[in-house]
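What follows is one structure encoded as structure tokens, with my remarks underneath.
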Protein chains: 2
Amino acid sequence: MKQLETTALRYSNGALDVLDQRRLPGEVHWHRCQDGEDLVALIQGLAIRGAPLIGVAAALWVGHCAERDDERDKLIATISQLRSSRPTAVNLMNDLDRLLNQIDKGADNATLVEEAIAIIDEDIALCVAMSEHGAALLQDGDNILTHCNTGGLATAGVGTALGVIITAHQQGKNISVWVDETRPLLQGARLTTWELEQAGVPYRLICDSTAASLMAQGKVDSILVGADRIACNGDFANKVGTYSVAVLAKYHGIPFYVVAPQTTVDLNCMHGDTIPIELRNANEVRGASGSFGSCTWSPTDAAAYNPAFDVTPAELVSGWILDSGVYTHEQVKAGALVSGDHL
Amino acid sequence: MKQLETTALRYSNGALDVLDQRRLPGEVHWHRCQDGEDLVALIQGLAIRGAPLIGVAAALWVGHCAERDDERDKLIATISQLRSSRPTAVNLMNDLDRLLNQIDKGADNATLVEEAIAIIDEDIALCVAMSEHGAALLQDGDNILTHCNTGGLATAGVGTALGVIITAHQQGKNISVWVDETRPLLQGARLTTWELEQAGVPYRLICDSTAASLMAQGKVDSILVGADRIACNGDFANKVGTYSVAVLAKYHGIPFYVVAPQTTVDLNCMHGDTIPIELRNANEVRGASGSFGSCTWSPTDAAAYNPAFDVTPAELVSGWILDSGVYTHEQVKAGALVSGDHL
């Protein structure tokens, strides 16, 4: 398989290295992936995270297994193993389905390798397309609020929501960013700040609960978030807290955009209510884990409730920024997400 | 001065000990207060926090200084020093004004000691009154959401919002509590959980950003919060994130009550916009500080924005639970908070 390098993935000489995002921003540590089980643990432990990146990393691994001549049954088992690593982000399932379809059609291993590379190349191109569609919606001087991390660390390319922001900055628009820290795992505080510093985009980090008063003070012009799964009606699941931001945006009359590639649309999902929401370990709420080790601030056995995602209903979305363009409510109601026009 | 013991303050043999709330829940550590400067540092550092408790602790210290025969000018200087420790909570100013008024009227030191004791005794009684008014609004089986800490650690008595909750539990109502962790200083995660465990009230700790999706799922029946300052029109300042909860409550049609003693009403403040909001150190957002030491998860010099409080407009409040009763919008509009009926 050809040599390949993204912000968070490297493939060369038949080995996959992944940037361990748990250790950022304190340490840039590349982990060599040992086997499928290792990759699943990296995804579950959030060393690899971000809906598009999870799919891309899984596809890359299957391509790797195909290139080293794993047999059909073994490849199918690997796909099945990877599919179960996280339940909410649908890119993983969509990307693995593409590979499984090739196997079902009797494709040889060389074709599987090509398909895996195509998935990665396409993700990069989709990021460019989304970023340009989205950047056109941002004005010079805008204060943008974003939640979680949706940049180069979350995709093979420039990112989804954060890709839009960085692209607008590179176009010379004078924008600044309010970064939600994004509890419990602090992807905003740890990863989005790191990417924005590297890109030279002005930002300020805030507690998630501070966003509302900034909106009330007129200090937020636009909100951009990513998605882990978009239902056909436009409802979408994303990192917990996204729904909160969406309601607050609605109340304050602030545009709220979701930015995602076509691989995030789940054609089998009609409504957000049916999206499975991952419940994670209570320790993530009791204390902090991630790049900074681990510390506990609540009673050590405190009862906690820790969903990783929430669902934002379509009614709270101002626009759906996909690689194929920006979709309005009318278009989504008319079936734009299911028509396949953009697929 | 008589011996006195509350959840967070102890006065005996002429010495004031305060429970260092930064070290909870890991450690129950009582700190002997050395002088006015020490007390100011304890308040600014959040070893002593909670709007009513700050006022009570300051009054207790002035009573202590009066008993040890500090002269008039020195007492006035101590009051001035304490007044500047934190800007948002008005109880501190109201309680110190009571003592200053006595001095202005020529009261002797024995009278000042009596006034300080009266402030503390009244705070305890006000907590009981609020708790009974508020508990009457809660139904058996209710799931209550609360933000920050408003219990015995925040007052001389049973608390404000948390006093209501614990009282309802003691009345035999089968209630459970969603505890907002309350970033950045995690008073919910550290202190409210600790108090609820001691009181035997079922609770679950959540990230602040999780509250919205619980409301959407119908899992929040009622919301109770405290206040650091209430304007005459019913707007109020409280720990940052309170406004966010209030907007979310409005959107989901969930009752949202503010619970506070009369000492929290600022008769000189007509509107929430004029309440000063304390901006705190960015390090509180960059990492964690408090009982668990200190750790950083964002880039160490990350730009951050860290207001300690926000303002919730009256229109988002379902009722004002004061010690004198529960006030409706109509009553507040008619001037109930300024009429002095409850003063």
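All chains are named by letter (A, B, ...) in the order of the sequence lines, taking the proteins before the strands, and each is independently numbered beginning at 1. In what follows, every heavy atom counts, from backbone to side chain, and hydrogens, waters and symmetry copies are set aside.
Most heavy-atom pairs under 4.5 Å with chain B: of the set A/Trp178, A/Tyr203, A/Tyr243, this distinction falls to A/Tyr243. By number of non-hydrogen pairs under 4.5 angstrom with chain A, the leading residue of B/Val311, B/Val247, B/Val179, B/Asp273 is B/Val247. Per-residue counts of heavy-atom pairs under 4.5 Å with chain A were compared for B/Lys250, B/Gln217, B/His252, B/Met215; the largest is that of B/His252. Note on B/Thr210, B/Asp208, B/Asp310: by heavy-atom pairs under 4.5 Å with chain A, the leading option is B/Thr210.
Contacts between A/Leu214 and chain B at a heavy-atom distance below 4.5 Å involve the side chain alone, from C-beta outward.
Rounded to the nearest 0.5 angstrom, A/Cys207 SG and B/Glu284 CD are separated by 8.5 Å. Once rounded to the nearest 0.5 Å, the distance linking CD of B/Glu181 with CZ of A/Arg183 reads 4.0 Å. Interatomic distance, OG of A/Ser213 versus OH of B/Tyr305, reported as 6.0 Å (0.5 Å rounding).
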- Start with the C-alpha gap between B/Leu248 and A/Ser244, add the side-chain angles, then the distance that decides, and say whether side chain to side chain contact (heavy atoms under 4.5 Å, CB included) holds. CA-CA 7 Å; B/Leu248 296 168; A/Ser244 183; 3.5 Å; yes
